[in-house]
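Below is one structure, written out as structure tokens; comments come after it.
So you know, we letter chains A, B, ... as the sequences are listed, proteins then strands, and number each from 1.
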Amino acid sequence: MINILIYVLLFSVALCIYRMGKGPTPPDRAVTLDILGTLMVGFCAILALITGKDFYMNIAISWALLSYVGSIAIAKFLENRSFDE
Amino acid sequence: MFWDTAGYTIIVIGVLFDLLGCIGLVRLPDVYNRLQAATKCVTLGTAFLLFGLFLINGFGALGIKALVCAAAVLITSPTGAHALARGSHRGGVKLWEGSVIDKYAEENEGVD
């Protein structure tokens, strides 16, 4: 039964990758990257639910925080400004 | 037993939220609409999923880590989305032609 959840999440990732390939402007791709980072946290949670191991949650926490840092850096880059400001 | 049922129900709701957010990411017309649909749905969906994991596992190592991860997702994901929207607006991405109002551009006329 729980494999259905994995398939639904995989279909969501496929939709995200479609938008990342088609997206007309660079911010579309940046948004998709942010969304993919959050979806990976969901994958880690499902894997922890299936296997019962808790180190998947360590991966999930660090993935969420690193995805945040990447989004902020890409946002500053899209703004055409330097990183100091 | 009750907490297992409640946890699995919340997990299924969260995964459906994720799916709806990604459908909005494909279907909506411009970058701001996509941002608001996808970010809100996917953030709440993943937070629901982690909270359901906490309900199933209780106050063990896994449950507490799931709670911490839910707090991290709930704080960082809207902040990153806000920064992305601000960056793309100041970077010169146009709104969809069906949009009726742009408060941010009105307030910042003349400001760099």
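The parts of Ile23(B) that come within reach of chain A are both its backbone and its side chain, each placing non-hydrogen atoms under 4.5 angstrom from that chain. Contacts between Pro24(A) and chain B at a heavy-atom distance below 4.5 Å involve the side chain alone, from C-beta outward. For a residue to count as touching a neighbouring chain, one of its non-hydrogen atoms must lie under 4.5 Å from one of that chain's; by this rule Lys53(A) touches chain B with the backbone only. If you measure heavy-atom distances from Ile61(A) to chain B, the contacts under 4.5 Å come from both the backbone and the side chain. At a 4.5 Å heavy-atom cutoff, the contact between Leu25(B) and chain A is made by backbone and side-chain atoms alike. Residue Leu84(B) touches chain A through both its backbone and its side chain, counting heavy-atom pairs closer than 4.5 Å.
When only modelled atom types and interatomic distance are considered, Asp34(A) and Ser71(A) share a side-chain donor-acceptor pair under 3.5 Å.
Taken to the nearest 0.5 Å, the CZ atom of Arg19(A) stands 10.0 Å off from the CG atom of Leu15(A).
Of the listed residues (Asn58(A), Ile2(A), Thr25(A)), the one with the most heavy-atom contacts under 4.5 Å to chain B is Asn58(A). When each of Ala45(A), Gly70(A), Ala64(A) is checked for heavy-atom pairs under 4.5 Å with chain B, Ala45(A) comes out on top. When each of Thr32(A), Leu39(A), Val13(A) is scored by its heavy-atom pairs under 4.5 Å with chain B, the top score falls to Leu39(A). Listed options Thr46(B), Leu16(B), Ile75(B) were ranked by heavy-atom pairs under 4.5 angstrom with chain A; first place goes to Thr46(B). When the candidates Ser77(B), Gly14(B), Cys22(B) are compared by the number of heavy-atom contacts under 4.5 Å with chain A, Cys22(B) comes out ahead.
No more than 12 heavy-atom neighbours from other residues, nucleotides or ligands sit within 6.0 angstrom of CZ on Phe11(A).
Side-chain rings of Phe54(B) and Phe59(B) approach one another, their centers coming within less than 6.0 Å.
Contact of the Ile46(A) side chain with the Leu53(B) side chain is not registered, since no non-hydrogen atoms from C-beta on lie closer than 4.5 Å. Side-chain contact between Leu78(A) and Lys76(A) is absent, with no heavy-atom pair separated by less than 4.5 Å. For the pair Ile72(A)/Tyr68(A), a side-chain contact is recorded, criterion being any heavy-atom separation below 4.5 Å from C-beta on.
Between Phe17(B) and Phe48(B), the ring-plane angle classifies as tilted under the 30° and 60° cut-offs.
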